[in-house]
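First up is the structure itself, then whatever we jot down about it.
Note that the structure is predicted; figures quoted are calculated from it, not measured. Every heavy atom of this structure was used, including side-chain atoms; hydrogens, water molecules and symmetry mates were not. For reference, positions follow the sequence shown, starting with 1.
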Amino acid sequence: MDIVDIIKSIEGTETGALVALVLALLSAMAHALFGAVLKSGDPILNRGAINVCYGLAAAPLALFVAPWPSDELWPILFLVYLVHFAYEWFQVKSFEHGAFVLVYPIGRGSGPLLIALAAIVVFQEKLYWNQWLGILMISGGILGLAQVNLKSALLKGENMRGLHLAIGFALGTGFLIAVYTTIDAYGIRLADNPFTFLAWFFFMGLFSSPIIAILKYRRLEVPVDKVALFARGLLGAIIAVISFGSVMLATRLGQVATVAALRETSIIFATALGVFVFKEQITASRLLLIGLIAAGAVMVEI
């Protein structure tokens with residue numbers, strides 16, 4: 001029995017739900033690291049380098065190893081490409097204009113409730129009261145964290161226009177997270193072999209953000225450290241495969257709404273990175289909100 005048969009055998013079972021939980025939390029941790037790599041240096045160049053690395057790695061798998069996509073899957077893959085292209089652009093623009101601890105919570109916190117509503121319509125999922133409460137606690141805690149960080153930025157006298165742009169791009173990122181999570185879940189469930197979908201997802205990344213990165217690279221007045229850029233691209237690509245691959249498999253095995261909510265606990269790991277890597281301060285109010293997010297994750301799963 002190969003890995004595909006194992007995945008199919010646990011779909012819709014308690015074992016599958018447990019594996020989905022583990023994958024969602026793994027994705028949360030990886031995505032916080034991914035955001036930190038993206039924020040270190042120029043976000044647009046970093047995103048382009050990351051996509052090139054994982055796109056080239058996925059190319060032989062998509063073209064020669066994994067089964068070819070079905071006729072029904074092709075239009076979904078095209079839609080996935082368009083939505084992720086837009087998401088990547090909004091994400092890097094939010095990182096360009098705002099601090100990591102501000103834009104990351106806004107982007108992540110505005111998605112779970114929208115995803116839960118979409119999961120009810122698209123996948124006919126049923127959520128119990130504790131799951132709704134958990135999703136609201138997670139979203140509320142994350143957005144509350146963003147509000148605290150925004151007040152801190154205002155007190156520091158940060159440029160208002162820059163803050164408005166950062167918040168606008170972060171809100172757009174959150175909306176697109178809800179859209180791509182729903183479409184990705186639909187696509188990976190439609191694919192007979194989940195690795196066909198994953199291989200093409202990463203391969204298509206070659207033709208999105210790298211285009212924008214090349215255009216910016218040509219306009220640079222100061223040369224870029226190509227070795228450092230490649231290192232960030234390679235590291236980010238490895239983390240991205242873990243993050244996006246894990247959450248997509250999790251949405252095939254478990255409920256889309258709960259998987260998406262649990263993934264947003266990445267803000268807990270992101271806050272830790274903000275403190276220890278970017279030397280950003282943490283206050284009692286931030287700790288309380290992080291506790292609310294953690295409690296929400298527990299509520300989703302009890």
Side-chain angles (χ1 to χ4, degrees), residues 11-12 16-17 19-21 23-28 31 69 72-91 94 103-143 146 168-191 194 197-198 200-201 204 208 243-267 293 296-297 299-301:
E11 289 177 5
V19 173
L21 166 64
L23 288 172
L25 293 176
L26 174 62
S27 177
H31 199 274
E72 295 82 8
L73 189 57
W74 280 116
I76 302 301
L77 285 171
F78 180 67
L79 190 56
V80 165
Y81 164 78
L82 292 178
V83 173
H84 275 274
F85 197 167
Y87 156 73
E88 290 168 8
W89 187 78
F90 270 81
Q91 184 188 49
S94 71
V103 298
Y104 193 87
I106 294 173
R108 306 316 301 185
S110 51
L113 186 57
L114 292 175
I115 295 169
L117 295 173
I120 292 173
V121 175
V122 178
F123 304 109
Q124 289 78 53
E125 291 186 357
K126 294 181 179 180
L127 299 176
Y128 296 103
W129 69 267
N130 61 292
Q131 292 174 310
W132 279 114
L133 179 59
I135 290 170
L136 290 172
M137 290 168 68
I138 291 171
S139 288
I142 294 172
L143 292 175
F169 281 118
L171 288 171
T173 301
F175 172 75
L176 289 166
I177 287 170
V179 176
Y180 85 59
T181 300
T182 305
I183 297 172
D184 291 349
Y186 184 86
I188 201 165
R189 292 180 178 194
L190 181 63
F197 182 86
L198 291 174
W200 277 90
F201 167 79
M204 291 186 302
S208 55
S243 177
F244 287 100
S246 295
V247 76
M248 288 180 192
L249 285 173
T251 57
R252 176 158 176 155
L253 294 172
Q255 282 189 308
V256 175
T258 56
V259 165
L262 288 171
R263 194 198 190 204
E264 302 318 329
T265 58
S266 61
I267 189 61
I293 296 165
M299 288 298 296
V300 164
E301 284 298 317

> Could you walk me through whether Glu11 and Leu253 pass the side chain to side chain contact (heavy atoms under 4.5 Å, CB included) check?
Replying inline: CA-CA 5 Å; Glu11 289 177 5; Leu253 294 172; 3.8 Å; yes
Considering all heavy atoms, the nearest [X]-[Y] contact:
X      : Y      : answer
Ala116 : Ile135 : CB-CD1, 3.9 Å
Ala28  : Ser266 : O-CB, 3.0 Å
Leu176 : Val83  : O-CG1, 4.2 Å
Ala20  : Val259 : CB-CG2, 4.3 Å
Leu114 : Ala178 : CB-CB, 3.7 Å
Ala261 : Val300 : CB-CG2, 4.4 Å

Looking at [atom1] of [X] and [atom2] of [Y], how far apart are the two atoms once the value is rounded to the nearest 0.5 Å?
X      : Y      : atom1 : atom2 : result
Tyr180 : Ile115 : OH    : CD1   : 7.5 Å
Ile120 : Lys126 : CD1   : NZ    : 11.0 Å
Arg252 : Leu23  : CZ    : CG    : 13.0 Å
Ile267 : His31  : CD1   : NE2   : 11.0 Å
Asp184 : Ile177 : CG    : CD1   : 11.5 Å
Met204 : Phe78  : CE    : CZ    : 10.0 Å

>> Check for me whether the distance between the ring centres of Trp89 and Phe169 falls short of 6.0 Å.
In response: yes
>> For Phe123, does the six-membered ring have the charged nitrogen or CZ of Arg189 within the cation-pi criterion, i.e. under 6.0 angstrom from the centroid and within 45° of the normal?
In response: yes
> Does the pair Ser27 and Met248 meet the rule for a side chain to side chain contact (heavy atoms under 4.5 Å, CB included), with working shown?
Replying inline: CA-CA 9 Å; Ser27 177; Met248 288 180 192; over 6 Å; no
> Does any N or O in the side chain of Glu264 come within less than 3.5 Å of the main-chain N or O of Ser139, such that one atom is a donor and the other an acceptor?
Replying inline: no
>> side chain to side chain contact (heavy atoms under 4.5 Å, CB included) for Gln255 and Gln131? Distances and angles first, verdict last.
In response: CA-CA 11 Å; Gln255 282 189 308; Gln131 292 174 310; 3.1 Å; yes
>> Checking Leu249 against Leu198 for the side chain to side chain contact (heavy atoms under 4.5 Å, CB included) test, could you report, in this order, the C-alpha distance in whole Å, the side-chain angles of both residues, the deciding distance, and whether it holds?
In response: CA-CA 9 Å; Leu249 285 173; Leu198 291 174; 4.2 Å; yes
>> Which residue in the set Trp132, Trp129, Tyr128 passes side-chain contact (heavy atoms from CB on, under 4.5 Å) when paired with Met299?
In response: Trp129
> Looking at Thr251, Leu21, Leu127, which hits side-chain contact (heavy atoms from CB on, under 4.5 Å) with Thr258?
Replying inline: Leu127
> Between Phe201 and Phe197, what is the ring plane arrangement, given parallel below 30°, perpendicular above 60°, and tilted in between?
Replying inline: parallel
> Hey, is CZ on Phe175 packed in by over 12 heavy atoms from elsewhere, all under 6.0 Å?
Replying inline: no
> Does Glu88 reach the side chain of Ser208, with side-chain heavy atoms less than 4.5 Å apart?
Replying inline: yes
